[in-house]
Visitor: 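What follows is a single structure, and I will ask about it in a moment.
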Amino acid sequence: MTTPLASTLRALQDEFLQLHTTKEDLFWSVKMGVADDPEAAQKALSAAEIGMNRFLQSPDALRRLRALQSAREGTAQQQHVLDGWIALFAANSIDLPEARALSEEIVHLEGELQRVRGGMKLGFVDPATGVFEAAGSNKLALMLRNDADPARRRAAYEGLRSIEAFVLEHGFLDVVRKRNQLGRMLGHSDYYAWRVHTVERMTKAELFGALDDLAARTAARTRAELASFARRHGDGALDPWNFLFLRAGKLAAALDPYFGFGPAVRRWGRSFAGLGVKFRGATLTLDLVDRAGKYENGFMHGPGVGFRDAGTWRPARINFTANAVRGAVGSGLRATETLFHEGGHAAHFSNIESDAPCFAQEFAPTSVAYAETQSMFMDSLLEDPDWRARYLTDGEGNPIPQSLIEEAIAEAQPMRPWDVRAMLTIPMAERRLYEFADDALEPGAVLKMFREVETELQGLSAGTRPVLAVPHLLAGEASAYYHGYVMAEMAVHQTRAFFLARDGHLVDNPRVGPDLASHYWAPGNARTFNDTLRSLTGSALSADAIVASCNLSVDEAVAQAREAVAKLPSIAPQEGPVELDVTVRVVHGREVIGTSEGGTFERMADDVEAWIGREA
């Protein structure tokens, strides 16, 4: 006989899955620019988001579930699932009808902003010809790092800056006002405070207390290194269009042949297989190459949630994207970074051991910091000297020289504290954005504040990436989000320190994947971020490991690199077929360019590499 509790749990599951999958499939169509009618698709996505919000924000649903909870009926497993649904609704429920109406208004405003931003004429004016050249934000960012002509770099920077003026002229501040109105309606000082409370289960003061501490602990070293950098490179070294190139432009060109774009998918698969990562039968769709009309930031979303449905495992269906610019210096590195990062997300959401989809979806109450730890741990491997020594070869099969590995360390290590502060720039600026009084929110004041925060944290004449060129701030699901990357970076260093102390290496360490799956991935949002960290590393989140890494001298970092590379002969490499228990489809828009379905990972990777070679 079916009990009221069992019927309620089944109905919740069915309705959630229908709403979630519809929304996420539309999200992919809109963000990849593959809809026949983009405007109609954006409207359909906004309607789907509103439908999901109405479901999640329903105070009646939360009251019914809490009544069932108080009855204490059903099995322990059913009570655990009920707790998961209550946590989901508690993180999203909105009692006030006027607040729910305002939430729907915000979705429409965000959708319209996304539509006009997607149609923006973005690019740069070639200083040699005076001719405007269309370019996406990813190409402009690559130019800042890699173009040898300072005039073209400055033009690229101005191109990125134009995004700020555009969105400020097209309603972004109206969205901010409405978001703040919603946050205050829900009992918080502003929108950011509400989001942090909802997603991270922290107060804004607690969050920024930790971030302010990290900023303070990296300030002195950053100032000293910037002063030394300016002395070495002269006038203009601390301008945003020069800084990144002077740091690594020539080095990026030297590394580029070893991070070939063509082999990136194969390199990713072999590396994950070497770590013992499995995807539990998931299907992944990857869209890797930049193009007009495509969303300009990598992401992972899961239209098909992986969980046990009445005891039967339902594998995840996951989409993720990169924005590699074919033929550009650094495109192979960028593609590899995104494959590891979004692939880390995909591994996480393919391995959540739950009996309901509420535990295994990527939105609140799933912590941003928790989710980003899984992805950023994986992309951290790309700077490891032993990973580079084992996996990087040029087009002729020659391994990367040890001297180039050490040159990269000598470039990166002094600026590790600056890198942390550059990441801090976005949440610090976004916090201050939502602290503006409504009548003070005007473009000039906002831009002035952004530049002040950039200069304070990065020590440059302006930030290397203008704040509103970061797409997270515009999108509802990613707004008041970026702090999660900083907290995750702290957790990544803590996690790496644990594995290195226990095992002595990360590359091709087959214990890593199973340990991450058991301690970090399996619980999903049923456990807090700090609980997962304690489960594996033995302690809650701490800045100690990241600060220790930042404070290494170049000589100390190089010595550690030599020691790591010297261990490689004793570390078994990943050999044989890549077995990840996954089906991978690589697409370019609507075109399927490689698939492992009915074949092998290696055949799929060969097809992708051949396609990239033809299209380059």
Visitor: Side chains of Arg201 and Ser367: do they bring a donor and an acceptor to under 3.5 Å?
Guide: no
Visitor: For the CZ atom of Phe436 and the CG atom of Leu173, what is their distance to the nearest 0.5 Å?
Guide: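 Phe436 atom CZ to Leu173 atom CG measures 9.0 Å (nearest 0.5 Å).
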Visitor: Hey, could you give me each pair passing salt bridge (Lys or Arg N to Asp or Glu O under 4.0 Å) that has a residue in residues 344-355? Not counting sequence neighbours.
Guide: Arg280-Glu353, Arg308-Glu353, Arg308-Asp355
Visitor: Any salt bridge between Arg334 and Asp290, counting N to O under 4.0 Å?
Guide: no
Visitor: If you count heavy atoms of other groups shown closer than 6.0 angstrom to CZ of Arg431, is the number above 12?
Guide: yes
Visitor: Name all residues meeting the salt bridge (charged side-chain N to carboxylate O under 4.0 Å, His left out) criterion together with Lys23; count only those two or more places apart in sequence or in a different chain, and write none if there are none.
Guide: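 With sequence neighbours excluded, Lys23 shows a salt bridge (charged side-chain N to carboxylate O under 4.0 Å, His left out) to no residue whatsoever.
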Visitor: On the ring face of Phe166, is Lys121 found with NZ or CZ under 6.0 Å from the centre and within 45° of the axis?
Guide: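 Cation-pi check for Lys121 and Phe166: fails.
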Visitor: Please check: side-chain N/O of Ser29 versus main-chain N/O of Leu26, any donor-acceptor pairing under 3.5 Å?
Guide: no
Visitor: Please report the shortest heavy-atom distance between Tyr482 and Pro427, naming the atom on each side.
Guide: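 Distance-wise, the nearest heavy atoms are CD2-CD, 3.9 Å.
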Visitor: Quick one: sort the His483 and Tyr192 rings into parallel, tilted or perpendicular, breaks at 30° and 60°.
Guide: tilted
Visitor: Supply the atom-to-atom distance Met143 CE to Asn138 CG, rounded to the nearest 0.5 angstrom.
Guide: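 So the CE of Met143 and the CG of Asn138 are separated by 13.0 Å.
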Visitor: What distance do Thr8 atom OG1 and Leu82 atom CG have between them, rounded to the nearest 0.5 Å?
Guide: 8.5 Å
Visitor: Residues in ring-ring contact (aromatic ring centres under 6.0 Å, His included) with Tyr157, at least two apart?
Guide: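 Partners of Tyr157 under the ring-ring contact (aromatic ring centres under 6.0 Å, His included) test: Trp241.
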Visitor: Report yes if the side chains of Glu609 and Pro263 come closer than 4.5 Å at any heavy-atom pair, otherwise no.
Guide: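 Contact flag for Glu609/Pro263 side chains = yes.
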Visitor: Testing the basics here: between Ala364 and Asn92, what is the closest heavy-atom pair and its distance to 0.1 Å?
Guide: O-ND2, 3.4 Å
Visitor: Aromatic ring centroids of Tyr520 and Phe529 under 6.0 Å?
Guide: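 No, the ring centres sit 6.0 Å or more apart.
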Visitor: Can you name the salt bridge (charged side-chain N to carboxylate O under 4.0 Å, His left out) partners of Glu602, sequence neighbours left out?
Guide: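 Glu602: no salt bridge (charged side-chain N to carboxylate O under 4.0 Å, His left out) contacts found.
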Visitor: Would you check if the distance from the ring center of Phe16 to the ring center of Trp85 is below 6.0 Å?
Guide: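 Yes, the ring centres sit under 6.0 Å apart.
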Visitor: Under a plain distance cut-off of 3.5 Å, with no hydrogens placed, do Gln57 and Ser103 share a side-chain donor-acceptor pair?
Guide: yes
Visitor: Look at Asp37 together with Lys43 and state whether they make a salt bridge at an N to O cut-off of under 4.0 Å.
Guide: no
Visitor: Looking at Leu19, is its backbone amide N or carbonyl O close enough to the side chain of Thr22 to form a donor-acceptor pair, meaning the two atoms are under 3.5 Å apart?
Guide: no
Visitor: Just by distance, with hydrogens left out, do His345 and Ser375 show a side-chain donor and acceptor under 3.5 Å apart?
Guide: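 A donor-acceptor contact under 3.5 Å links the two side chains.
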Visitor: With a 4.0 Å cut-off on N to O distance, would you call Asp287 and Arg590 a salt bridge?
Guide: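 A salt bridge is absent here (no side-chain N lies under 4.0 Å from a carboxylate O).
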Visitor: Less than 4.5 Å apart, side chain to side chain, heavy atoms only: is that true for Trp521 and Val277?
Guide: yes
Visitor: Any non-hydrogen side-chain atom of Leu474 less than 4.5 Å from a side-chain atom of Glu110?
Guide: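 Not touching, per the 4.5 Å side-chain cut-off.
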Visitor: Measure across Tyr295 and Asn323 and return the closest heavy-atom pair with its distance rounded to 0.1 Å.
Guide: O-ND2, 2.9 Å
Visitor: Indicate yes or no for a side-chain donor-acceptor contact from Asp581 to the backbone of Gly281 under 3.5 Å, with no hydrogens or angles considered.
Guide: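 Yes, the answer is positive, given that a donor and an acceptor are paired below the 3.5 Å cut-off.
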Visitor: Walk me through whether Glu112 and Arg115 qualify under salt bridge (Lys or Arg N to Asp or Glu O under 4.0 Å).
Guide: CA-CA 5 Å; Glu112 177 61 16; Arg115 186 188 68 79; 2.7 Å; yes
Visitor: Taking the side chain as every heavy atom from C-beta outward, state whether Val176 and Leu441 have any atom pair closer than 4.5 Å.
Guide: yes
Visitor: Just so I know, are the side chains of Pro523 and Ile352 near enough to count as touching, which here means a heavy-atom distance under 4.5 Å?
Guide: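 Pro523 does not reach Ile352 side chain to side chain.
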Visitor: For Glu597, does the CD atom sit with more than 12 other heavy atoms under 6.0 Å from it, leaving out its own atoms?
Guide: no
Visitor: Are Tyr485 and Ile426 packed together at the side-chain level, in the sense that at least one heavy-atom pair is separated by less than 4.5 angstrom?
Guide: no
Visitor: Any luck finding a side-chain donor-acceptor pair between Ser137 and Glu296 under 3.5 Å?
Guide: yes
Visitor: May I have the step-by-step check of salt bridge (Lys or Arg N to Asp or Glu O under 4.0 Å) for Glu133 and Lys139, ending in yes or no?
Guide: CA-CA 11 Å; Glu133 182 176 328; Lys139 181 175 180 178; 3.2 Å; yes
Visitor: Mind checking salt bridge (charged side-chain N to carboxylate O under 4.0 Å, His left out) for Arg585 and listing every partner two or more places apart, or none if nothing turns up?
Guide: none
Visitor: Between Glu164 and Val467, is there a donor-acceptor pair closer than 3.5 Å when you use the side chain of the first and the backbone of the second?
Guide: yes
Visitor: Going by an N to O cut-off under 4.0 Å, is there a salt bridge joining Arg153 and Asp147?
Guide: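 Not counted as a salt bridge, because no side-chain N and carboxylate O are separated by less than 4.0 Å.
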Visitor: Just one of His20, Glu477, Lys31, Glu24 clears the side-chain hydrogen bond (donor to acceptor under 3.5 Å, both in side chains) bar with His301, so which one?
Guide: Glu24
Visitor: Just wondering, are more than 12 heavy atoms of other shown residues or ligands nearer than 6.0 Å to CZ in Arg63?
Guide: yes
Visitor: Could you tell me if Glu372 and His341 have a donor-acceptor pair between their side chains, going purely by distance under 3.5 Å?
Guide: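 The answer is yes; a qualifying pair exists.
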Visitor: Check for a donor-acceptor pair, side chain of Glu200 on one end and backbone N or O of Ala369 on the other, with a separation under 3.5 Å.
Guide: yes
Visitor: Heavy-atom distance under 4.5 Å between the side chains of Leu56 and Ser93, does that happen here?
Guide: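 No; the side chains remain at least 4.5 Å from each other.
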Visitor: Do the rings of His472 and Tyr481 sit parallel, tilted or perpendicular, given the 30° and 60° boundaries?
Guide: tilted
Visitor: Hey, are Asp174 and Arg179 close enough for a salt bridge, meaning a charged N less than 4.0 Å from a carboxylate O?
Guide: no
Visitor: Quick one: are Gln13 and Pro357 in side-chain contact, heavy atoms under 4.5 Å?
Guide: yes
Visitor: Evaluate the criterion salt bridge (Lys or Arg N to Asp or Glu O under 4.0 Å) for residue pair Asp14 and Arg10; output intermediate values, then yes/no.
Guide: CA-CA 6 Å; Asp14 292 345; Arg10 169 54 66 177; 3.3 Å; yes
Visitor: Ignoring hydrogens, what is the shortest heavy-atom contact between Ala356 and Val81? Give both atom names and the distance.
Guide: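 For Ala356 and Val81, the tightest heavy-atom pair comes out as CB-CG1, 3.6 Å.
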Visitor: Please check if the side chain of Asp190 supplies one atom and the backbone of Gly183 the other of a donor-acceptor pair under 3.5 Å.
Guide: no
Visitor: Is a side-chain N or O of Asn351 found less than 3.5 angstrom from the main chain of Lys278, in a donor-acceptor match?
Guide: yes
Visitor: So, Ser479 and Tyr191: side-chain donor and acceptor under 3.5 Å apart, yes or no?
Guide: yes
Visitor: Please determine whether the number of non-hydrogen atoms from other residues, nucleotides or ligands lying under 6.0 Å from atom NE2 of His197 exceeds 12.
Guide: no
Visitor: Which one of Thr338, Leu339, Ile318, Thr321 satisfies the side-chain contact (heavy atoms from CB on, under 4.5 Å) criterion with Leu286?
Guide: Leu339
Visitor: Under a 4.0 Å threshold between the charged nitrogen and the carboxylate oxygen, would Asp95 count as salt-bridged to Arg100?
Guide: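 Result for this pair is no, no salt bridge flagged.
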Visitor: Could I get the full list of salt bridge (charged side-chain N to carboxylate O under 4.0 Å, His left out) partners for Asp439, not counting sequence neighbours?
Guide: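 Per chain and number, Asp439 pairs via salt bridge (charged side-chain N to carboxylate O under 4.0 Å, His left out) with no residue.
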Visitor: Is there a donor-acceptor contact under 3.5 Å from the side chain of Glu104 to the main chain of Ile50?
Guide: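 Side chain of Glu104 to backbone of Ile50: no pair is present.
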Visitor: What are the two closest heavy atoms between Arg195 and Gly476, and how far apart are they?
Guide: NH2-O, 3.8 Å
Visitor: Heavy atoms only: give me the nearest Ser331-Ala324 pair and the separation to one decimal.
Guide: O-CB, 3.9 Å
